[in-house]
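Below, read A as the first sequence line, B as the second, and so on, with proteins coming before strands; counting in each chain starts at 1.
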Number of protein chains: 2
Amino acid sequence: MIKHIHEFEINTMKLGEGVEAAIHCAAMLAGVEGNSTLAGAAMAEAFGLSPSYLLKHLNMLSAARILESVSGPAGGYRLARPAERISLLDIVLAVEGREPAFRCGEIRRNGPVRLDASAYVKPCGINAAMLKAERAYRAALAEAKLSDIVATYAAEGDPRSLAASCAFVERHQRPQKSSSTKQA
Amino acid sequence: MIKHIHEFEINTMKLGEGVEAAIHCAAMLAGVEGNSTLAGAAMAEAFGLSPSYLLKHLNMLSAARILESVSGPAGGYRLARPAERISLLDIVLAVEGREPAFRCGEIRRNGPVRLDASAYVKPCGINAAMLKAERAYRAALAEAKLSDIVATYAAEGDPRSLAASCAFVERHQRPQKSSSTKQA
DNA sequence: CTTATTGCGGATAAAAATTATCCATGATAA
DNA sequence: TTATCATGGATAATTTTTATCCGCAATAAG
């Protein structure tokens, strides 16, 4: 392994790659018409992702009621509600889980001197500060709606990639039978 | 390993355990007097951590100029600057690295249709939204100073654990020769 | 009713990151 | 000189993430 002068350690607070995939898929699904669906395999192709693994993430989104799925031929996924009511936080929590990034291990208790448990009823101040920061993070993600992402993309994105994306959706979306807006 | 009825997947955006250790150590170091130091092994004992691994994290803090280290017997670590000028963000970035949690893999380019690179000069809107949220996170962490943590602990923490912590520091801190406030 | 397509879930495997240990080295106080 | 301690590299153990596969249920179409 080549070590340059000072090859930096890249151990970072990290979001799984599934989040990126999930958001892109959701944004793409925001472009399908009516109650049509897009197959998971089609989206995997669109982003050059492993189909079988992407399905895992899409499944999380289904479980979280962000997407709806339709089995069978002509089946696939669609948004479970309007893009205006889906936030990036919804997606991140669905894919990455609802636990905070900072988990207090209560290591303050692990020293050689064992105090009574009652000495630790007050929450750890460090934990409190970290969770407060994470609330700010989540609040910002909650503000970001999928519809904003799509609108910004349409308004500011490059026309070529927008056209390619729309063409892809047009080509792969599949109309459904049940004609009303939707049903659980 | 026991699997209960529906053992939840706990895949979460995660901060390494080293962060918790690092913050606790820094908070403890805020309690040492003058330019005295605390040995890494002592802090590992205080929190029931693996000494050799904790040293790695303390080393990161040294490299980031958050801590100073003194070699030799009676050596150890101390804060490199007053606790008022050390934020939780400083510590988190030192230990976890400076990369954002969300790394845009530009998967929008990976589809079957390859557009010219010029179609992607505009940054990905998803990436922008995620980074904006992370800025909010970091801003909150930057507000949280180590001195606040310590002060809150002194004011609101349980007297017993406070006393135990102070006693530990008293017992293990080691005065240094160079008598002025400090020197790099 | 049969067939083909698709999502779902479990089992499992491969790859990568995290956590942890060990040892050689240099610094330094006693 | 000796003992203590931080440093850094090498390496191992463990856990998490990523990925694949297969059988199953649902369902549209013939």
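- Residues Q176(A) and T37(A) have side chains that bring a donor and an acceptor to within less than 3.5 angstrom of each other.
- For the pair L54(A) CG and dG9(C) C1', the interatomic distance rounds to 16 Å; values are reported in whole Å.
- Taking only side-chain nitrogens and oxygens, N59(A) comes nearer than 4.0 Å to OP1 or OP2 of dG9(C).
- What separates NE2 of H57(A) from P of dG7(C) is a distance of 15 Å, to the nearest Å.
- The aromatic rings of Y53(B) and H57(B) sit perpendicular to each other, their planes meeting at more than 60°, with 30° as the lower class boundary.
- Remark: A39(B), G40(B) in residues 38-47 of chain B come within less than 4.0 Å of DNA chain D through at least one heavy atom.
- Separating the CG atom of L55(B) from the P atom of dT4(D) is a distance of 16 Å, rounded to the nearest angstrom.
- The aromatic rings of Y137(A) and Y137(B) lie perpendicular to each other, with more than 60° between the two planes, well past the 30° mark.
- Between D90(A) and R81(A) there is a salt bridge, with a side-chain nitrogen of the basic residue lying less than 4.0 Å from a carboxylate oxygen of the acidic one.
- Note: CE (M60(B)) to P (dT18(C)) measures 10 Å, nearest angstrom.
- Side-chain nitrogen and oxygen atoms of R174(B) include at least one within less than 4.0 Å of the OP1 or OP2 phosphate oxygen of dC5(D).
- Nucleotide dA6(D) holds its P atom 13 Å from the CG atom of L61(B), rounded to whole Å.
- The distance between atom CE of M13(B) and atom P of dA17(C), rounded to the nearest whole Å, is 18 Å.
- Within the 4.5 Å cutoff, no side-chain heavy atoms of L55(B) are placed close to those of N59(B).
- Electrostatic pairing of R78(B) and E68(B) counts as a salt bridge here, judged by a charged N lying under 4.0 Å from a carboxylate O.
- Side-chain contact check for S118(B) and R160(A): at least one donor-acceptor pair (N or O, by modelled atom type) lies under 3.5 Å.
- Rounding to whole angstrom units, CG of residue L49(A) and C1' of dT17(D) are separated by 15 Å.
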If a protein heavy atom is under 4.0 Å from the base, mark B; if only from the sugar-phosphate, S; if neither, -; do that for nucleotides 20-30 of chain D going 5' to 3'. BB----BBB--
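- Taking the charged nitrogens against the carboxylate oxygens, E134(A) and K132(A) have no contact shorter than 4.0 Å, which rules out a salt bridge.
- The distance from the OH atom of Y153(A) to the SG atom of C124(B) is 8.5 Å, given to the nearest 0.5 Å.
- When the P atom of dT4(D) is taken as reference, atom NE2 of H172(B) falls 14 Å away, rounded to whole Å.
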